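Structure record follows, encoded as structure tokens.
What you are looking at is a predicted structure, and each value in this text was computed from that prediction instead of being measured.
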Amino acid sequence: MKTGLRITAFAAALAGAFGTAYGVGQAFDPVVAERPRTHEDRHPSGAAESERGGSAAHAPGGLQISEGGYTLDLDTPTVTAGESAELRFTVRDADGRAVGEYRREHDKELHLIVASRDLVTYRHLHPERTPDGTWSTPVDLPRAGGYRVFADFTPDRPGAENLTLGADLAASGPYSPRELPRSSATARVDGYDVKLTGTLTPGRASELRLTVSRDGEPVTDLQPYLGAYGHLVALRAGDLAYLHVHPEGEPGDGTTRPGPHVSFTATAPSSGSYRLFLDFKHDGVVRTAAFTVETGQAVAEEAGPTSPEPAESAGHSDDGHGH
């Protein structure tokens, strides 16, 4: 597999368009879906797509639930916060049929990301597909509120291109909004320290370097994960515009070292605050380090000690699911 650099960028719908209402139980109302989905929601016509903002072919990836003749049909639009649930969905073609064949990219047929609107909770999941085309994966979201589900895939059909579709997910329960974690150059997760250096620049490619250490010693034996030594997702605060970035090089290419440094080249679509999530694998477990970054501001190693609010994302072993 040729890894190289791969960037998929897309903007999610604004929070105001998110079809859920929030409140608090006791003093709050539970988070519930605003209305049931109709057939038009699941399989919008071309006319309906035009009314929502023009041709799907020219819309940013992930901004809509349908694009290029494919639709993300989320069978589980609501879950209960703090309880394990089965997240189920199907990718359908223009005729409403479930897509059953995909091209493998970065070791997977489909990549699934779930992130909370406040960018505190993050899940990179690896769902499994049944013969009828239904995807499913366990998910346990710790807090009530609004979430965005991102499906990144390429149908194995002539002329098909990579797509990233997005759908909204509500976790019911007592809801209390949280602020974006403060900017910090170092994140700590499960005894590992990850330092971030570089500048995220609007409209221009720039290098971000992440260095992994444990107990003060550099980690030089990172393990391959999704065809690379690191997997980076960046989400823009406010609308969850999404950058999916893989590092240059790949394990076994003769030049890429297994740590302690993992470098990425990324381009921010605009100025603002971004939340970065680095997945890395060591000792058979995938862990996630999270950072808040402001565009145009260099992130220096000597900046603040550790991120005061790490991502709510637990590590996992290779059991076929996410974390």
Side-chain angles (χ1 to χ4, degrees), residues 1-9 102-111 113 124 126 152-154 161-162 164 185-235 242-269 274 276-291 293 295 298-303 311 313 315-318 322-323:
M1 177 185 66
K2 183 179 179 181
T3 303
L5 174 67
R6 174 172 165 271
I7 302 179
T8 302
Y102 298 80
R103 296 175 191 166
R104 295 184 69 86
E105 296 183 337
H106 303 288
D107 292 344
K108 298 292 180 181
E109 289 187 334
L110 182 146
H111 296 269
I113 300 292
H124 184 172
H126 304 305
D152 182 355
F153 63 93
T154 302
E161 298 181 353
N162 178 260
T164 306
T186 306
R188 170 164 289 181
V189 53
D190 294 343
Y192 292 81
D193 289 313
V194 183
K195 291 186 177 181
L196 170 66
T197 56
T199 303
L200 189 61
T201 306
R204 191 175 71 224
S206 55
E207 182 183 18
L208 298 174
R209 171 179 282 197
L210 295 110
T211 303
V212 183
S213 62
R214 182 169 64 173
D215 298 328
E217 297 295 327
V219 175
T220 58
D221 57 346
L222 293 173
Q223 297 167 289
Y225 175 62
L226 302 179
Y229 288 122
H231 181 278
L232 185 67
V233 168
L235 299 173
Y242 179 107
L243 297 172
H244 188 182
V245 188
H246 283 271
E248 293 183 353
E250 61 182 7
D253 64 5
T255 60
T256 304
R257 296 180 178 277
H261 309 297
V262 186
S263 295
F264 301 82
T265 301
T267 303
Y274 288 77
L276 275 56
F277 301 93
L278 172 71
D279 292 333
F280 65 95
K281 184 177 179 181
H282 190 244
D283 287 345
V285 177
V286 178
R287 296 172 174 86
T288 301
F291 306 83
V293 174
T295 55
V299 182
E301 291 191 13
E302 63 269 21
S313 176
H316 70 94
S317 56
D318 293 332
H323 56 293

Looking only at heavy atoms, what is the nearest atom pair of Thr267 and Arg204, with distance? CG2-N, 3.4 Å
Can you find a pair of side-chain heavy atoms, one from Tyr225 and one from Asp107, that are under 4.5 Å apart? no
When you compare the side chain of Val233 with that of His124, does any pair of heavy atoms fall below 4.5 Å? no
Would you say the side-chain atoms of His106 pair up with the backbone N or O of His231, donor to acceptor, closer than 3.5 Å? no
On a heavy-atom basis, the closest approach of Leu110 and Tyr102 is CD1-CE2, 4.5 Å
Shortest non-hydrogen separation from Leu200 to Ala266 and the atoms involved: CD1-CB, 4.2 Å
Leu210 and side chain to side chain contact (heavy atoms under 4.5 Å, CB included): which partner among Thr197, Leu278, Leu276? Leu278
By side chain to side chain donor-acceptor pair (under 3.5 Å) - contacts of Thr256 (at least two apart): Asp253
When rounded to the nearest 0.5 angstrom, what distance separates OG1 in Thr199 from CD in Glu207? 10.5 Å
I'd like to know if Lys108 pairs up with Asp152 as an ion pair, taking the criterion as any Lys NZ or Arg NE/NH1/NH2 lying under 4.0 Å from an Asp or Glu carboxylate oxygen. no
Side chains of Phe280 and Thr288: closer than 4.5 Å at any heavy-atom pair? no
Side chain to side chain, Val293 and Thr295, heavy atoms closer than 4.5 Å: no
Considering all heavy atoms of both residues, which atom of Gly227 and which atom of Pro251 are nearest to each other, and what is their separation? O-CD, 3.4 Å
Locate the shortest heavy-atom distance separating Phe291 from Ala185; write the atom from each residue and the value. CE2-O, 3.6 Å
Treating Asp193 as the side-chain partner and Arg188 as the backbone partner, does any N or O pair qualify as donor plus acceptor under 3.5 Å? no
Using modelled atom types only, decide if a donor and an acceptor are shared between the side chain of Thr220 and the backbone of Gly259 within a distance under 3.5 Å. no
Euclidean distance, Lys281 NZ relative to Tyr229 OH, rounded to 0.5 Å: 11.5 Å
Just verifying a value: how many Å separate Asp190 CG and Arg287 CZ, rounded to the nearest 0.5 Å? 5.0 Å
Between Thr154 and Glu161, do the side chains contain a donor N or O and an acceptor N or O under 3.5 Å apart? no
Any donor-acceptor pair under 3.5 Å from Gln223 side chain to Gly284 backbone: yes
Looking at Arg103, I want to see if its CZ is surrounded by more than 12 non-hydrogen atoms of other residues, nucleotides or ligands under 6.0 Å. yes
Kindly indicate whether the side chain of Phe264, heavy atoms from C-beta on, has any atom under 4.5 Å from the side chain of Ser206. no
Testing the basics here: between Ala205 and Thr265, what is the closest heavy-atom pair and its distance to 0.1 Å? CB-CG2, 3.7 Å
Report yes if the side chains of His126 and Leu226 come closer than 4.5 Å at any heavy-atom pair, otherwise no. yes
Taking C-beta and beyond as the side chain, do His111 and Ile113 meet within less than 4.5 Å on heavy atoms? no
Quick one, Thr211 and Arg209 - any side-chain contact, counting heavy atoms below 4.5 Å? yes
Distance flag, aromatic centroids of His282 and Tyr192, threshold under 6.0 Å: yes
What verdict does the side chain to side chain contact (heavy atoms under 4.5 Å, CB included) test give for Leu196 and Thr186, after you've listed the backbone C-alpha separation in whole Å, the side-chain angles of each residue and the deciding distance to 0.1 Å? CA-CA 6 Å; Leu196 170 66; Thr186 306; over 6 Å; no
